[in-house]
Number of protein chains: 2
Amino acid sequence: MDQVDIFKALSNKTRLQMLEWLKEPELNFPGQKEYGYAEGVCVGQIQAKANLTQSTVSEYLSILQRAGFIKATRKGQWTYYKRDEAAFERVSKLITSTL
Amino acid sequence: MDQVDIFKALSNKTRLQMLEWLKEPELNFPGQKEYGYAEGVCVGQIQAKANLTQSTVSEYLSILQRAGFIKATRKGQWTYYKRDEAAFERVSKLITSTL
DNA sequence: CAAATATATCGACTTTTCCCGATATATAGA
DNA sequence: TCTATATATCGGGAAAAGTCGATATATTTG
C-alpha cells in the first residue's frame with residue numbers, strides 16, 4: 001500500500017466518519033450491544049449509520065482495510081471491523097517525518 | 001478547507017514529491033541559487049523537476065496552497081512557494097486526535 | 001508602449017472515484 | 001439439503017480529478 005493510496009482512503013467524508021465512529025463502538029453502535037464489541041463492529045451496523053447501500057459500505061470498508069486503518073475478523077456470517085490504532089500513529093509520523 | 005480536501009491534496013504522487021522537494025530547496029532546486037531561497041522556490045523551478053506542463057504544475061501548487069501545506073509569495077513576475085511546517089503538524093495531530 | 005517572460009486560468013478530453021442495483025458466496029439453522 | 005441472512009463482488013452511469021494546449025494576466029525591460 002503506497003502513500004497515495006493511504007491518503008486516497010482518507011479522501012472521502014463517509015470513510016472518515018466510519019473511522020471516527022469506530023473510535024467509540026459502544027456509543028455509536030448501540031445496536032450491537034448484545035454481541036459485544038471485542039472484534040469490532042459488523043458491516044450491517046455500519047451500513048445502518050452510513051446512508052449508503054450495502055455494496056458501497058462493503059467496498060469502503062475494504063478500502064480502509066487495504067490502507068491499514070481497520071482490521072477485519074470473520075465470525076460466522078458476520079465480518080467485524082475494528083480500528084488499528086498503530087496505523088494512525090504510522091501515518092501521523094509519516095506526515096511529520098517523511099512528508 | 002475541510003479534512004477531505006486536505007487528504008485529497010495529498011492523494012497524488014507528484015504533489016507529495018513537491019512537498020518533499022520543498023523540504024530541501026537548496027538541494028533540490030540548485031538552479032535557483034542566485035535568487036536565494038528565502039521566499040521559497042518559484043514555479044518554473046518546480047516545473048522543471050516535475051515532469052508536467054506549466055498549467056498542471058501551477059494548479060497542483062494552488063491545490064497544495066489551498067490545503068495549507070505551502071504558502072505563496074509574489075515577487076515581481078515570480079511566485080515563490082514554501083512549506084508551512086505548522087500545517088504538517090496540524091494534520092499529523094488531526095490523525096492521532098480527531099480521526 | 002511593445003515585447004518578453006512568469007504564472008494563472010480556461011476548455012476539453014481521459015482516467016479515476018462515487019455509488020448504485022444485481023448477483024455471487026459464505027454461513028447458519030430448519 | 002433448502003432457505004434465510006450477512007457480506008463481497010461485478011458492471012455500469014454520473015461526477016470528480018488528472019492533464020494537456022491555448023489563452024489571459026502581471027510584471028519587467030527596452
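Lettering of chains follows the sequences in order, A, B, ..., and the numbering in each one begins at 1. Note that these values count all heavy atoms, side chains included, but never hydrogens, waters or copies made by symmetry.
B/Q45 places its CD atom 14 Å from the C1' atom of C/dT7, with the value rounded to the nearest Å. In this structure, A/K8 places its NZ atom 17 Å from P of D/dA16, rounding to the nearest Å.
For A/S58, the side-chain atoms get nearest to D/dA8 when compared with the rest of C/dC18, D/dA8, D/dG18. Counting only heavy atoms from C-beta on, A/W78 has its side chain closest to D/dT7 among C/dC19, D/dG18, D/dT7. Of the candidate nucleotides D/dA26, D/dG21, C/dC18, D/dA26 has the atom nearest to the side chain of B/R74. Taking only side-chain atoms of B/N12, from C-beta outward, the nucleotide of C/dT17, D/dC20, D/dG18 with the closest atom is D/dG18. The side chain of A/V43 sits closest to D/dA8 out of D/dA6, D/dA8, C/dA6. Taking the side chain of B/T53 as heavy atoms from C-beta on, and the options D/dG21, D/dA17, C/dA22, the nearest nucleotide is D/dG21. Of the candidate nucleotides D/dG18, D/dT7, D/dA22, D/dA22 has the atom nearest to the side chain of B/S55. For A/T56, the side-chain atoms get nearest to C/dC19 when compared with the rest of C/dC19, D/dA8, D/dG21.
Of the N and O atoms on the side chains of B/S58 and B/S55, not one donor lies less than 3.5 Å from an acceptor on the other residue.
Ring geometry, A/F7 versus B/F7: the interplanar angle falls under 30°, so the pair is classed parallel (tilted spans 30 to 60°).
When B/I46, B/L19, B/V57, B/L52 are each tested for a side-chain contact (heavy atoms from CB on, under 4.5 Å) with B/T14, only one passes: B/L52.
In terms of phosphate contacts, B/Y81 brings a side-chain nitrogen or oxygen within less than 4.0 Å of OP1 or OP2 of C/dA8. The phosphate of C/dA8 (OP1 or OP2) has no side-chain N or O of B/S62 nearer than 4.0 angstrom.
On a pure distance criterion of 3.5 Å, no polar donor-acceptor pair joins the side chain of B/Q77 and the base of D/dT28. Scanning atom types as modelled, no donor and acceptor separated by under 3.5 angstrom connect the side chain of A/Q54 and the base of D/dA6.
The side-chain hydrogen bond (donor to acceptor under 3.5 Å, both in side chains) analysis of residues 84-96 of chain A, with sequence neighbours excluded, yields the pairs A/K71-A/D84, A/R83-A/E85, A/S92-B/S92.
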